[in-house]
Amino acid sequence: MRETAVERLTRDVSAAAGVDLLLARPAEAAHGDYATNVALQLAPVRRQAPRDIAAELARAVTTLPVVERTEVAGPGFVNLWLADSWYGDVLDEVLAAGRDYGAGCADHRERIQVELVSANPTGPIVVSHARNGAYGDSVARLLEFAGHDVDREYYYNDAGRQMERFRASVTARRRGEEPPEDGYTGSYIDELAAIEGDPVPPMLDRIGETLARFRITFDSWALQSELQQRLPELLARVETYEKDGALWARSSGFGDDEDKVLVRSPERGGLPTYRAADVVYLHDKLERGYDRAIYVLGADHQGVAKWYAAVARMLGYDPERVEVLLYQLVHLTRGGEAAKMSKRRGDVVFLDEFLDQVGVDAGRWYLVSRGPDQSIEIDVDLAAEKSQKNPVYYVQYAHARIAGIVRNAGAAQASGKPAGPLSGAEKDLVKRLAEFPAMVAEATDRRGPHALPTYAIRLADDFHRFYHDHRVIGSEEQTFRLALCRAAQNVLARSLALIGVEAPERM
RNA sequence: GCGCCUGUAGCUCAGUGGAAGAGCGGCGGCCUUCUAAGCCGUUGGUCGGGGGUUCGAAUCCCUCCAGGCGCACCA
């Protein structure tokens with residue numbers, strides 16, 4: 001990634017000051033455009049009063065043409081005010097980078113597989129799967145934007161006990177019999193019963209359609225039954241032992257909390273477990289050429305996070321190539337009452353119904369705007385009403401407003417060169433745009449796409465304020481302000497695209 | 001009992017060592033001008049409690065309290 005405007009500024013200020021320092025945007029405008037706390041950090045080392053060091057640094061930094069003035073404040077902060085020309089340069093950079101602005105933060109390009117959703121096809125996708133999808137897909141989008149080569153895969157079990165019950169439930173329905181014990185019911189079972197043949201493929205089709213509507217598409221679908229055929233070959237490669245008639249993996253010797261059963265004892269059916277499939281699957285992923293395999297799992301699977309790393313070690317792979325992303329669960333309430341999300345009882349909220357109520361944009365925004373460590377409660381009865389207050393519309397509205405200006409401006413010229421003294425609102429907007437690359441890089445690094453909605457709200461906020469008291473078209477500053485609009489529109493659209501939300505031209 | 005996560009404004013949540021924030025809600029203002037789904041003002045806080053480290057802690061460490069999720073020859 002090319003050096004960003006803030007990075008260059010940091011480098012120039014460091015050089016002038018003769019010390020490596022970091023610049024931060026103060027919360028209050030009165031504290032300058034940027035500020036550094038380096039004098040506070042140097043004070044104990046140099047055994048000097050922090051304010052004395054700060055004064056010295058401030059004098060040195062003032063020699064830079066880009067620095068308009070400085071100030072020593074508080075216990076020893078150095079606050080900087082920048083010349084208008086700096087803002088113009090930043091704006092020109094954003095425009096020149098175009099759609100690539102903020103892209104390519106990856107040190108080196110990796111082939112990455114993100115496995116997400118992976119709900120067994122015993123029923124339609126429900127809201128809790130949607131969080132997995134919204135989160136995992138946004139991480140995947142961030143990784144792609146960073147320059148990685150990303151594939152999305154959906155893994156499902158078409159053979160286990162759960163699936164047998166599912167098939168038996170459909171079969172019973174076809175014969176007009178009662179569903180088996182712990183079987184599945186609901187209108188979707190009736191629909192599947194009306195179709196000939198194995199109900200699994202049509203169920204998967206429906207899941208794929210729902211997820212596509214939620215703007216998640218998969219590059220591949222992996223079947224557990226196919227993988228399991230290669231189990232004998234892989235079993236030889238991991239450390240195992242027999243106990244109580246079952247075959248165990250000695251994963252505790254490789255960083256796991258406990259050993260895991262790979263093949264059940266004869267009296268329990270003697271079949272391989274899901275964990276056995278994990279071994280084959282991880283081997284398969286890494287042998288397919290992925291540098292990194294990312295698993296997106298709900299916090300209820302927290303216990304297996306160490307297992308995957310242990311599997312990698314047992315197979316002789318670097319465990320760094322395996323990454324487990326956990327997110328806390330989604331709890332549904334209905335008028336305050338807890339609604340259990342059990343597919344078998346049909347007491348669930350399907351993603352399709354949820355999207356009918358709140359819309360795709362509000363749904364994706366809502367599910368991705370909380371940090372993955374934060375659990376989510378959704379009151380199904382209030383969801384539609386609440387979605388009307390979703391900040392996504394605030395952000396989309398800013399984008400639509402800009403789109404209107406750009407549309408009206410037609411082919412008019414846009415340039416970062418300021419035509420006159422810049423206002424506070426104009427500077428704030430440029431500074432916000434300048435933050436984007438670092439924000440995206442951090443969100444990618446931390447696998448935290450929830451930074452995007454937060455940033456998008458702030459950017460929209462800065463734009464709405466600018467819009468309120470600055471005329472663009474027909475003003476003397478039209479060329480500069482149009483550039484500002486185009487840049488803001490571009491970054492706003494990118495912020496939304498990275499979380500799978502549309503940026504409308506009109507509202 | 002053990003492990004992971006959470007506790008910040010009335011509500012929902014950002015903020016992983018630097019000068020406490022946003023949205024929604026409440027109250028009061030602003031539409032002859034590129035979109036009022038907007039803007040401005042105001043109301044609001046023992047950052048769960050207590051100790052520690054640090055010049056400086058919502059942020060790091062210890063401890064206690066409260067809540068969520070795990071701890072299968074289920075997935």
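Naming convention: chains lettered A, B, ... in sequence-line order (proteins, then strands); numbering from 1 in each chain.
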*When all nucleic acid strands are considered with a 4.0 Å heavy-atom cut-off, which category describes G474(A): base, sugar-phosphate, or nothing?*
nothing
*Taking only heavy atoms on the protein side, list every residue of residues 267-284 of chain A lying under 4.0 Å from any atom of RNA chain B, sorted numerically.*
R268(A), Y274(A), R275(A)
*Along RNA chain B (nearest heavy atom to each residue), the more 5'-positioned of F77(A) and Q162(A)*: F77(A)
*With pairs taken as Watson-Crick or G-U wobble and both distances under 3.5 angstrom, which stems of at least three consecutive pairs involve RNA chain B?*
B:1-7 with B:65-71, B:10-13 with B:21-24, B:25-30 with B:38-43, B:48-52 with B:60-64
*Quick one: label H301(A) by what it contacts on the DNA or RNA (base, sugar-phosphate, nothing), any heavy atom closer than 4.0 Å.*
base
_What's the gap between rA58(B) and rA14(B) when it is taken at their C1' atoms, as a whole Å value?_
12 Å
*In whole angstrom, give me the gap between the P atoms of rU6(B) and rG21(B).*
23 Å
*When the C1' atoms of rA22(B) and rG45(B) are considered, how many whole Å apart are they?*
15 Å
*What residue pairs, at least two apart or across chains, pass ring pair (Phe, Tyr, Trp, His ring centres under 6.0 Å) with a residue in residues 423-453 of chain A?*
Y101(A)-F436(A), F436(A)-Y455(A)
Just the table, please: protein N/O against nucleotides 23-33 of chain B N/O, every pair under 3.5 Å.
unit_1  : atom_1 : unit_2  : atom_2 : d
rU33(B) : O2'    : R471(A) : NH1    : 2.5

*Please list all pairs passing the side chain to side chain donor-acceptor pair (under 3.5 Å) test where one or both residues lie in residues 31-47 of chain A, with sequence neighbours left out.*
D33(A)-Y87(A), D33(A)-K431(A)
_Does any part of the side chain of Y308(A), heavy atoms only, come nearer than 4.5 Å to the side chain of E323(A), both counted from C-beta?_
no
_Separation between the C1' atoms of rU43(B) and rC24(B), rounded to whole Å_ = 14 Å
Using a cutoff of under 3.5 Å, can you pull out all pairs of nitrogen or oxygen atoms linking the protein to nucleotides 1-8 of chain B, with atom names and distances?
unit_1 : atom_1 : unit_2  : atom_2 : d
rG3(B) : N2     : Q302(A) : NE2    : 3.2
rC4(B) : O4'    : Q302(A) : NE2    : 3.3
rC5(B) : O2'    : Q328(A) : NE2    : 3.4
rC5(B) : O2'    : D373(A) : O      : 2.6

*side chain to side chain donor-acceptor pair (under 3.5 Å): pairs with one or both residues in residues 432-444 of chain A, sequence neighbours excluded*: R25(A)-E435(A), R432(A)-E435(A), R432(A)-D462(A), E442(A)-R446(A)
*asked:* Quick check: H301(A) with Y295(A) (ring centres under 6.0 Å apart)?
replied: no
*Checking all strands, does L329(A) fall into the base, sugar-phosphate, or nothing category for heavy-atom contacts under 4.0 angstrom?*
sugar-phosphate
*Using side chain to side chain contact (heavy atoms under 4.5 Å, CB included) as the criterion, list what pairs up with A305(A), not counting sequence neighbours.*
V324(A)
*Look at all strands and tell whether H399(A) reaches a base, only sugar-phosphate, or nothing, counting heavy atoms closer than 4.0 Å.*
nothing
*Which residue lies toward the 5' end of RNA chain B, P75(A) or Q388(A), if each is placed at its nearest nucleotide?*
P75(A)
*Determine whether Y281(A) and E153(A) make a side-chain contact, defined as any pair of heavy atoms from C-beta on separated by less than 4.5 Å.*
yes
_Contact list for RNA chain B against residues 496-507 of chain A - heavy-atom distance below 4.0 Å_ = E505(A), R506(A), M507(A)
*Can you tell me how far P of rG15(B) sits from CZ of R370(A), to the nearest Å?*
12 Å
_At 4.0 Å (heavy atoms only), tell me whether Q41(A) reaches a base, stays on the sugar-phosphate, or touches nothing._
base
*In sequence, state the C-alpha distance, the side-chain angles, and the governing distance for D373(A) and Q328(A), and then conclude on side-chain hydrogen bond (donor to acceptor under 3.5 Å, both in side chains).*
CA-CA 5 Å; D373(A) 289 336; Q328(A) 295 297 317; 4.9 Å; no
*Under 4.0 Å between a side-chain N or O of R465(A) and OP1 or OP2 of rG38(B)?*
no
*asked:* Tell me every residue that passes side-chain hydrogen bond (donor to acceptor under 3.5 Å, both in side chains) with R370(A), counting only those two or more places apart in sequence or in another chain.
replied: none
_Using the salt bridge (Lys or Arg N to Asp or Glu O under 4.0 Å) criterion, which residues pair with E164(A)? Sequence neighbours excluded._
none
*asked:* Work out how far the P atom of rU46(B) is from that of rC5(B), and round it to whole angstrom.
replied: 27 Å
*Quantified in whole Å, what is the P atom distance between nucleotide rU8(B) and nucleotide rU42(B)?*
25 Å
Counting only pairs under 3.5 Å, give me each side-chain donor-acceptor contact of residues 493-507 of chain A, with atom names and distances, residues two or more places apart or in other chains.
unit_1  : atom_1 : unit_2  : atom_2 : d
R494(A) : NH2    : R99(A)  : O      : 2.8
S495(A) : OG     : V491(A) : O      : 2.8

